[in-house]
Amino acid sequence: MTLAIFLQDPDFIRLLYIVAFVLFIVGMRGVTHPTTARRGNMIAGVGMAIAVVATLLIREVGDYGLIALGVVLGTVIGVPAARQVKMTAMPQMVALFNGVGGGAVALISYVEYRDALDMGGNPALEELIPILLAAIIGSVSFWGSNIAFAKLQELIPGKPVGVPGQQFVNLALLLVAVGAAVAIAAGAESEGLFLLLLLAAAVLGNMVVLPIGGADMPVVISLLNALTGLSAAAAGMALDNVALIVGGAIVGASGTILTNLMAVAMNRSIPSIVAGGFGGGGTAPGGGGDGEERPHRSTDATSVASQLSLADRVVVAPGYGLAVAQAQHTVRELADELEKRGVEVSYAIHPVAGRMPGHMNVLLAEADVPYEALKEMDEINPEFPETDVTLVIGANDVTNPAAREDEGSPIYGMPILDVDKSEQVIVLKRSMNTGFAGIDNPLFYNENTSLLFGDAKASVQEVLAAVKAL
Amino acid sequence: MTLAIFLQDPDFIRLLYIVAFVLFIVGMRGVTHPTTARRGNMIAGVGMAIAVVATLLIREVGDYGLIALGVVLGTVIGVPAARQVKMTAMPQMVALFNGVGGGAVALISYVEYRDALDMGGNPALEELIPILLAAIIGSVSFWGSNIAFAKLQELIPGKPVGVPGQQFVNLALLLVAVGAAVAIAAGAESEGLFLLLLLAAAVLGNMVVLPIGGADMPVVISLLNALTGLSAAAAGMALDNVALIVGGAIVGASGTILTNLMAVAMNRSIPSIVAGGFGGGGTAPGGGGDGEERPHRSTDATSVASQLSLADRVVVAPGYGLAVAQAQHTVRELADELEKRGVEVSYAIHPVAGRMPGHMNVLLAEADVPYEALKEMDEINPEFPETDVTLVIGANDVTNPAAREDEGSPIYGMPILDVDKSEQVIVLKRSMNTGFAGIDNPLFYNENTSLLFGDAKASVQEVLAAVKAL
Amino acid sequence: MDLITELTILALAAFVGFEVISKVPNTLHTPLMSATNAIHGIVLLGGMLIIAESEGVLSKVLLVIAIAFGTINVIGGFLVTDRMLEMFKKRPKPAEKPGAEE
Amino acid sequence: MDLITELTILALAAFVGFEVISKVPNTLHTPLMSATNAIHGIVLLGGMLIIAESEGVLSKVLLVIAIAFGTINVIGGFLVTDRMLEMFKKRPKPAEKPGAEE
Ligand SMILES: NC(=O)c1ccc[n+]([C@@H]2O[C@H](COP(=O)([O-])OP(=O)(O)OC[C@H]3O[C@@H](n4cnc5c(N)ncnc54)[C@H](OP(=O)(O)O)[C@@H]3O)[C@@H](O)[C@H]2O)c1
Ligand SMILES: NC(=O)c1ccc[n+]([C@@H]2O[C@H](COP(=O)([O-])OP(=O)(O)OC[C@H]3O[C@@H](n4cnc5c(N)ncnc54)[C@H](OP(=O)(O)O)[C@@H]3O)[C@@H](O)[C@H]2O)c1
């Protein structure tokens, strides 16, 4: 009895919230270091559990049946999804998870506003302003994330979908949403206005993300992640809940930083990404521009196999195509086979190879590639001149020497893997199509480059078979 | 009129406080990077100015004449002190400044308690507990810092002053202070008890710091710095002032980290430092222990001059003695002279050389030694084997090979400058006395070591003259 | 708590976030993103807080959905992150089960 | 603001402090210590806040001293720090190679 009273004491619950957010912070600190990352994630999880328990203790909280229903539903959907998703599908997964977060915020804000109207009218500005903010941002984030998911999952075309004058449409939508918010804040008590706000924000979320090239998506997802965080913080302000405010602020800050890091690594500015229309996932033909086909050399699996097995040092430079083809395991087998024959194999990891930061690390880790074999760009670049064969597997932009040499190139200035400096380069891809940036890659026409066309996994399998047959 | 009302609006003032502490944080971030440090310090200063103005705006604040008096007094004392203090006296200065901060907190807490009694009795626990904490910590910090100052300034002996059973005395004093606090918190309304608390804390501050060797002082100052920060945060909680809470917490955290960094770099534990009695500032004779004098070679300025000018690479390893002798300018001149003769001179900076972290950097910067010539320990250590002559100027412990080799040594495990690995070592000091740690240095008895006795500045001057005369 | 106190907390928490995250190495970007995903699942608390006092079927249904969404975020986010990090962990001693995760 | 809100703020500010300071290179330890010295001079606000409502000569005198102490801290701290850092600035190539930490 007295225990119950103590546990339900509002101050005790607030202390629990402090404990919870301290665990979030400590956990996130852990996640930023490779050796402590897993423990950090668990610590944050414990923090979350404490926050949930604290909330259940609050005297005003009830409807436990419905709460349980929601939690069970979420678990039933979330756990299998999390268990079964392939590592290559992580970007979509993150987008989807991000979207539901934004959706939850938008729904909660809406119900809060309805509750307030039921109780007799608009709540105090102190509560109303955060509600309106949370609703707009949450709705944008929900719809934007869903579109991002659909694009990455190829449910809708990944290519930029352009609408003429759409910047103006977006601006108009934003004005409608903000206008509705201002009207409510100024005193209008109308559920309709609130729904209009949600709707305008929803369309805005769609319209902003639709025209963005599939390849820019990770940056956009990270941006939406920051927005979801912000909306959670706003919801926390409306609900006077410290755990929400702190959790949301951390996510907001983290999303902002990651967005920036990615944009910098790709040598792109965030406004130009949001403006859309860049990069279509590699279907535009080479942008050399003069219409004239430059000569390139193609090769076959047997030649590649013999080149590789005669080498002393081989570097694998993986890229987005490796993820698409899911060739990571086959590549590991090939490397094992080569190492048995005394060839030294290492992997050159470019920070933005693939479509998510750390994408290649995760993939190769999945295939049990030993940690020491993975080399970051700055570490491996000086080693290319001493490399006999570099195997570029589904990478394109991150190996493009134009970034180093051609001041006119859109990617000029982006740091790249200097694969062209190795003695021989073999590029595995399906066609002469461009990569994410949609620009031609002079590497393919070099004297010392030969191309092995085909799906990366199939090609590597053939090479592996040929090596074994030697 | 309406402007005045707006400016005096409590919410506006609280917003100003937020701006102020944001500037503190941004400023401190700046101070942690060499290129932005100065600007960071100024940004923090602007934050402070905003906090002061915000406070003056508060409607309840008055007695402007007295406030101005305090500020003028503080300025008249603080500015000349800050302007005139020598770089070598920085440790004392920091101690003194730290002390006045603690003193201010203790005084404010005392007056607050008196005010409360005047108004009819003890304040609510929520306010009372922080007041009591602030009073104890502030008083300890004030007196402790003053003793630290007096020791460093050599107003009282720097040697550990031991009182038998003093751990018990300290414990008793702590119990008195805490006991008084508990009594007040439990309901006793007594100015006398509060004064007792202040007094016990004051004596405790004296007793804790008095027995600590002068050389441990910087760690102690940093610890007291952390305490002052904490006391300021407690005062902020008593006064409901966010700027105080945040500022105090930052100082507390910073002091804690610095204390730790220093203790680690010296391979000492904080409890053992506080327990006192270690290191007497270099007057105890060599602790080799067997009473037997081991042979060492002494040398003279002319030989040193010719050794130096014949060398290709000379490394200067400065230590506390350089600071004491203020030899930095002369050393720079000697280096210039040598470089004119084609000798390459660099400086080996040990992280805890001297008596403050970064002590050597500040000193050598003062003497305009070019930045590139300063090398951190990890950078220079591999270079000693290729060094012709190492000039150890007033450094002792940080060059002691026992830390590397002798498991029984109290400093075993502390990273040191491997000066003994260079071809020849010349040590400049006044006697065979020990350094801070009070232990013998096997370096002095090595085959390739010779000692040039005398005050560092005088010795370097002689060497300089001899080089010029060559 | 009033708005300004909340702003205070927001500002400080944002600083903590910036400082903590700005140290993250490239390799951990994806796991980190997914871990922060889990953390913003904390909106689930929002649904729990107001479901009892909300009237009407529509409100309740929407809140159950919101709670489910939040739970997906929390549980899914932590699980996915853990799965990713588990792979990193395996590295020191490479096991011989290619294809296991497919 | 009640105690728990204050604790919340204290905890967050302490985290900010830890994160910010833990990146400091050795070279800057002394200037940093002196800069934090200036910051805890903020106790000066405490004196300003209560001097008007405090009665009696003793209280007023003590508070004037406290304000003076705080001012010494603030002004002295910032000046000393600036003097130290000015010396660092004079160097031809100011960029620091991040030696020890991290
Ligand atoms: N990592 C991130 O965080 C991130 C985020 C956003 C954007 N980006 C951008 O993404 C790009 C990443 O560079 P990247 O070199 O990894 O990739 P990329 O430049 O997009 O090139 C991928 C290449 O893989 C080939 N490919 C696709 N599917 C394949 C398959 N099944 N088998 C074999 N090859 C296949 C494609 O050529 P074919 O079509 O001819 O096969 C394409 O040229 C950079 O421009 C980066 O800025 C990265
Ligand atoms: N930097 C920090 O943050 C910090 C903080 C606390 C403690 N400490 C400790 O302080 C020590 C620093 O090591 P260190 O090698 O720099 O100093 P040290 O070990 O204390 O040795 C200084 C030496 O300088 C000589 N000396 C003193 N005055 C001199 C003068 N006027 N002219 C010439 N020589 C003079 C002394 O020998 P004579 O008496 O024979 O001349 C003494 O042996 C370490 O043990 C460290 O742990 C450092």
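No hydrogens, no waters, no symmetry mates; every other heavy atom, side chains included, goes into these values. Just so it is clear: chains get the letters A, B, ... in the order the sequence lines come, proteins before strands, and each one is counted from 1.
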Once rounded to the nearest 0.5 Å, what's the spacing between atom [atom1] of [X] and atom [atom2] of [Y]?
X: A:Ser141; Y: C:His40; atom1: OG; atom2: NE2; value: 6.5 Å
X: C:Leu44; Y: A:Leu244; atom1: CG; atom2: CG; value: 9.0 Å
X: A:Ile77; Y: C:Ile72; atom1: CD1; atom2: CD1; value: 4.0 Å
X: A:Ile250; Y: C:Ile21; atom1: CD1; atom2: CD1; value: 8.0 Å
X: C:His29; Y: A:His359; atom1: NE2; atom2: NE2; value: 14.5 Å

Check each atom of [X] against the heavy atoms of chain C and say whether the ones under 4.5 Å are side chain, backbone, both or neither.
X: A:Asp118; answer: side chain
X: A:Met42; answer: side chain
X: A:Gln84; answer: backbone
X: A:Ala243; answer: both
X: A:Tyr113; answer: neither
X: A:Ile58; answer: side chain
X: A:Thr256; answer: side chain
X: A:Leu258; answer: side chain
X: A:Asp115; answer: side chain
X: A:Phe21; answer: neither
X: A:Met237; answer: both
X: A:Leu261; answer: side chain

(request) Taking atom CZ of A:Arg29 as the centre, report whether more than 12 heavy atoms of other residues, nucleotides or ligands fall under 6.0 Å from it. (result) no
Against chain C, work out which of [options] has the most heavy-atom pairs shorter than 4.5 Å and name it.
options: A:Ala232, A:Gly247, A:Ser254; value: A:Ser254
options: A:Ser222, A:Gly248, A:Ala44; value: A:Ala44
options: A:Ile108, A:Val352, A:Val246, A:Val242; value: A:Ile108
options: A:Val76, A:Leu69, A:Asn241, A:Ile129; value: A:Asn241
options: A:Asn260, A:Ile349, A:Val72, A:Thr228; value: A:Thr228
options: A:Met93, A:Glu126, A:His33; value: A:Glu126

(request) Please tell me if the side chains of C:Thr81 and A:Arg38 come closer than 4.5 Å, counting only heavy atoms from C-beta onward. (result)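 The answer is no; the side chains never approach within 4.5 Å.
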(request) Measure the shortest side-chain to side-chain distance between C:Val20 and A:Phe24 over non-hydrogen atoms and say whether it is less than 4.5 angstrom. (result) no
If you compare all heavy atoms of [X] against all heavy atoms of [Y], which two are closest, and at what distance to 0.1 Å?
X: A:Gly70; Y: C:Thr71; value: O-OG1, 4.1 Å
X: A:Leu107; Y: C:Ala66; value: CD1-N, 3.9 Å
X: C:Ala35; Y: A:Met28; value: CB-CE, 3.7 Å
X: A:Ala104; Y: C:Val43; value: CB-CG2, 3.7 Å
X: C:Asn73; Y: A:Asn98; value: ND2-N, 4.3 Å
X: A:Ala82; Y: C:Leu79; value: CB-CB, 3.7 Å

(message) One pair to check against side-chain contact (heavy atoms from CB on, under 4.5 Å): C:Asn37 and A:Val94. What are the steps and the verdict?
(response) CA-CA 7 Å; C:Asn37 246 328; A:Val94 172; 3.2 Å; yes
(request) Keeping the roles fixed (side chain from A:Arg83, backbone from C:Val80), state whether a donor-acceptor pair exists under 3.5 Å. (result)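 Side chain of A:Arg83 to backbone of C:Val80, a donor-acceptor pair under 3.5 Å: no, none is there.
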(message) Using only atom types and a distance under 3.5 Å, with no angle test, would you say the side chain of A:Asn41 pairs donor to acceptor with the backbone of C:Phe78?
(response) yes
Please determine, among [options], the option with the most heavy-atom pairs under 4.5 Å with chain A.
options: C:Ile67, C:Leu12, C:Leu7, C:Val16; result: C:Ile67
options: C:Ile9, C:Val64, C:Ile42, C:Leu63; result: C:Ile42
options: C:Gly46, C:Ala11, C:Gly17; result: C:Gly46
options: C:Lys60, C:Glu55, C:Glu53; result: C:Lys60
options: C:Leu32, C:Thr5, C:Ile75; result: C:Leu32
options: C:Gly77, C:Ala68, C:Gly47; result: C:Ala68

(request) Answer with side chain, backbone, both or neither: which region of C:Ile4 has an atom nearer than 4.5 Å to a non-hydrogen atom of chain A? (result) neither
(request) Tell me, with the steps shown, if A:Arg114 and C:Ser54 meet side-chain contact (heavy atoms from CB on, under 4.5 Å). (result) CA-CA 8 Å; A:Arg114 278 169 58 95; C:Ser54 300; over 6 Å; no
(request) Please step through side-chain contact (heavy atoms from CB on, under 4.5 Å) for the pair C:Leu45 and A:Tyr17, ending with a clear verdict. (result) CA-CA 11 Å; C:Leu45 304 193; A:Tyr17 279 148; 3.9 Å; yes
(request) Before giving the answer on side-chain contact (heavy atoms from CB on, under 4.5 Å), spell out for C:Val74 and A:Phe97 the whole-Å C-alpha distance, their side-chain angles and the decisive distance to 0.1 Å. (result) CA-CA 9 Å; C:Val74 170; A:Phe97 281 168; over 6 Å; no
